[in-house]
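Here the structure is laid out as structure tokens; the discussion comes afterwards.
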There are 2 protein chains.
Amino acid sequence: MNKRQLQKQKTRQHLLRIAKSEFVKNGFLNTTTSEIADAAGIAHGTLFLHFKNKDALIVEILDRELEEINRSIQQMIAKAVDLEQLLLQYLNLLQEEEELFAVMARELPFYNEELRRKILFRDSIIRSHFHREIELGIKEKRYREVDVTSTVIFLFGTINYYLSLKSIFIKEGSVIKKFKTSIIKTMKSLLLPA
Amino acid sequence: MNKRQLQKQKTRQHLLRIAKSEFVKNGFLNTTTSEIADAAGIAHGTLFLHFKNKDALIVEILDRELEEINRSIQQMIAKAVDLEQLLLQYLNLLQEEEELFAVMARELPFYNEELRRKILFRDSIIRSHFHREIELGIKEKRYREVDVTSTVIFLFGTINYYLSLKSIFIKEGSVIKKFKTSIIKTMKSLLLPA
DNA sequence: CTTTTTGATGAGTATTCAGTCACCGAGTTT
DNA sequence: AAACTCGGTGACTGAATACTCATCAAAAAG
């Protein structure tokens with residue numbers, strides 16, 4: 001790879017990094033291509049040399065992020081021994097990239113089909129693990145006989161609600177951190193016999 | 001009131017009605033002032049004769065809607081004898097104006113301070129009634145000793161999650177109708193002793 | 001050393017919208 | 001009936017913003 005190609009690669013990576021931080025800061029919908037170019041210190045037109053359009057940029061960023069999240073989730077599942085640990089580790093994962101998850105939760109209904117599908121697919125994977133874990137618990141009589149699907153949606157609905165209204169729930173810091181224990185507590189009280 | 005003033009009143013009411021149906025159809029953010037004017041059969045400029053700007057229009061529409069909803073809620077509370085009935089009636093209320101609630105759930109994070117405050121204030125009123133009802137149930141030993149605040153947020157978070165992703169959860173018809181029974185069932189299993 | 005290639009530039013284009021304003025004509029007043 | 005008022009009109013403006021393209025200069029190729 002010669003000097004030119006090397007520089008191009010570097011610019012591209014730089015753009016991806018800056019774009020992600022801008023998206024996380026203001027959301028995908030409210031970040032303009034000019035803002036990204038300015039923040040990256042390159043000309044506006046250069047952005048379109050590296051990415052077909054704004055959508056292609058966000059898709060590439062999300063693909064990378066979702067892939068990394070999937071890796072973390074796989075590790076998590078391998079390690080977690082029960083639902084409480086799984087939930088705690090999942091919440092920790094969310095907390096680490098909370099700004100990004102908050103943006104996705106808030107903007108999901110406005111994304112195009114492709115993006116929505118990718119995000120919801122990632123969601124469905126982790127959801128299915130919770131589903132399985134709860135079913136197992138019921139079979140082993142550790143949990144009460146709840147409606148598993150509804151229970152899982154209650155959990156994810158609540159987490160997404162917290163995330164999408166993050167800035168309203170708290171001034172700064174992590175919503176997940178703030179509500180982690182009460183989420184776990186309520187899930188336990190839903191599942192464990194009295 | 002003379003002929004002119006009468007006509008003005010009529011145009012204004014007509015605009016409010018058409019604007020609401022457009023907002024419900026495509027959301028507030030994705031409805032243009034031209035679309036509303038076209039649908040109402042008036043000139044684009046006329047809209048700004050009746051309302052200072054697009055925001056003033058949505059604020060007036062929401063004020064009317066929220067006021068009516070408040071009236072319904074007051075009636076509901078007067079009649080409801082227990083949590084299950086209260087919840088069922090609340091879900092019925094949501095179902096009646098589901099498109100509007102779905103738009104609000106989806107777009108809330110993007111509204112300005114004033115609109116957000118109004119919507120969240122209405123939410124907090126109904127939430128406080130659930131809170132009180134659950135506390136009472138715990139005191140009277142009908143319910144288990146759950147964390148009341150978390151339980152209420154679980155309920156509202158889940159409902160909002162369903163609403164904001166309405167179009168993803170179902171093709172057409174009512175999400176609330178579809179999930180009503182499982183929401184109630186899960187709430188009961190959360191609150192009632194095993 | 002000359003020619004060709006190509007990454008980068010940024011002024012310019014196209015589009016979408018909210019909001020304005022000079023003007024019209026029906027209705028009201030004098 | 002003349003003068004005035006005011007609701008309505010729609011072409012126009014200005015702002016925002018995604019995307020293009022003629023041009024440049026440095027690097028690569030011949």
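Scope of the values below: all heavy atoms of this structure, side chains included, with no hydrogens, waters or symmetry mates. Sequence lines set the chain letters: A, B, ... in the order given, protein chains first and strands last, and positions in each chain run from 1.
His44(A) NE2 to Leu47(A) CG: the interatomic distance, rounded to the nearest 0.5 Å, is 6.5 Å.
No side-chain donor-acceptor contact under 3.5 Å links His50(A) and Thr11(A).
Here Phe169(B) and Phe179(B) bring their ring centres to under 6.0 angstrom of each other. Aromatic ring centroids of Phe156(A) and Tyr90(A) lie under 6.0 Å apart. Here Tyr161(A) and Tyr161(B) keep their ring centres 6.0 angstrom or further from each other.
Running 5' to 3' along DNA chain C, contacts with non-hydrogen atoms of chain A at under 4.0 Å begin and end at dT5(C) to dG10(C).
Taking atom CD of residue Gln9(B) and atom C1' of nucleotide dG7(D), one finds them 13 Å apart after rounding to whole Å. In this entry the distance linking NE2 of His50(B) with C1' of dG8(D) reads 8 Å, nearest Å.
Results of the salt bridge (Lys or Arg N to Asp or Glu O under 4.0 Å) test with Glu99(B) over Lys25(B), Lys20(B), Lys166(B) single out Lys166(B) as the only residue that passes. The side-chain hydrogen bond (donor to acceptor under 3.5 Å, both in side chains) with Ser174(A) is formed by just one residue from the set Glu98(A), Glu96(A), Lys180(A); it is Glu98(A).
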Open item on the list: I need a per-nucleotide contact map over nucleotides 17-30 of chain D, read 5' to 3'. Cutoff is protein heavy atoms under 4.0 Å; write B for the base, S for backbone only, - otherwise.
Closed with: SSBB-----BBS--

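Checked by atom type and distance alone, the side chain of Asn112(B) pairs as donor or acceptor with a backbone atom of Leu115(B) at under 3.5 Å.
No engagement by Leu47(A) is indicated, since no non-hydrogen atom pair under 4.0 Å with the nucleic acid exists.
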